[in-house]
Amino acid sequence: MPYDYQLVGGTVLVLLSLVGITNAMVEKRSPLFGILAFLMGAGLLFWGWLLSGFQWDPSDLPEAVYRLISEWK
């Protein structure tokens, strides 16, 4: 699939940024970098959604991860 990198990368960025934002708020720091990472991850997900022809299924994420693992030798 042409959008595997965007789907997996965007999901990883969004999940890690949510952890970073939460950590920054608990430690009373600025969550700016977490917010920027969240926006980049959301942008990657949107780009992948555009490449997929506006059709995604929840089962696409595990399949995309498996395809990327199989390509990585």
Side-chain angles (χ1 to χ4, degrees):
M1 300 270 187
Y3 56 89
D4 288 344
Y5 292 107
Q6 290 84 2
L7 180 61
V8 174
T11 303
V12 168
L13 266 177
V14 165
L15 292 176
L16 289 177
S17 69
L18 291 176
V19 172
I21 291 170
T22 305
N23 184 17
M25 294 174 84
V26 166
E27 293 182 358
K28 305 221 186 304
R29 293 183 291 118
S30 172
L32 178 65
F33 292 115
I35 292 171
L36 289 175
F38 182 83
L39 291 175
M40 287 190 303
L44 275 174
L45 288 172
F46 182 72
W47 183 26
W49 184 59
L50 288 175
L51 289 175
S52 74
F54 306 106
Q55 53 185 351
W56 265 356
D57 193 25
S59 65
D60 286 344
L61 182 61
E63 291 174 5
V65 171
Y66 294 141
R67 279 192 297 270
L68 289 180
I69 290 173
S70 69
E71 288 180 13
W72 187 46
K73 296 177 183 179

Smallest separation among heavy atoms of Ala64 and Val8, with atom names: CB-CG2, 3.9 Å
side-chain hydrogen bond (donor to acceptor under 3.5 Å, both in side chains) against Tyr3, all qualifying residues, sequence neighbours excluded: none
Side chain to side chain contact (heavy atoms under 4.5 Å, CB included) partners for Gln55, two or more places apart: none
Same cluster (ILVMFWY, side-chain, under 4.5 Å), Met40 and Leu32: no
4.5 Å side-chain heavy-atom contact, Trp56 and Leu45: yes
Pair listing, side chain to side chain donor-acceptor pair (under 3.5 Å) test, anchored in residues 29-42, at least two apart: Glu27-Arg29
Rounded distance (nearest 0.5 Å) linking atom CZ of Phe46 with atom CG of Leu50: 4.0 Å
Listed once per pair and sorted, the salt bridge (Lys or Arg N to Asp or Glu O under 4.0 Å) pairs that draw on residues 11-26, sequence neighbours left out: none
Qualifying residues under ring-ring contact (aromatic ring centres under 6.0 Å, His included), relative to Phe33, sequence neighbours excluded: none
Using residues 13-25 as the side-chain source, report each donor-acceptor pair under 3.5 Å to any protein atom, sequence neighbours left out, with the distance given to one decimal.
unit_1, atom_1, unit_2, atom_2, d
Ser17, OG, Leu13, O, 3.1
Ser17, OG, Val14, O, 2.8
Thr22, OG1, Leu18, O, 2.8

Side chain to side chain donor-acceptor pair (under 3.5 Å) contacts touching residues 57-67 (sequence neighbours left out): Asp4-Arg67, Asp57-Ser59
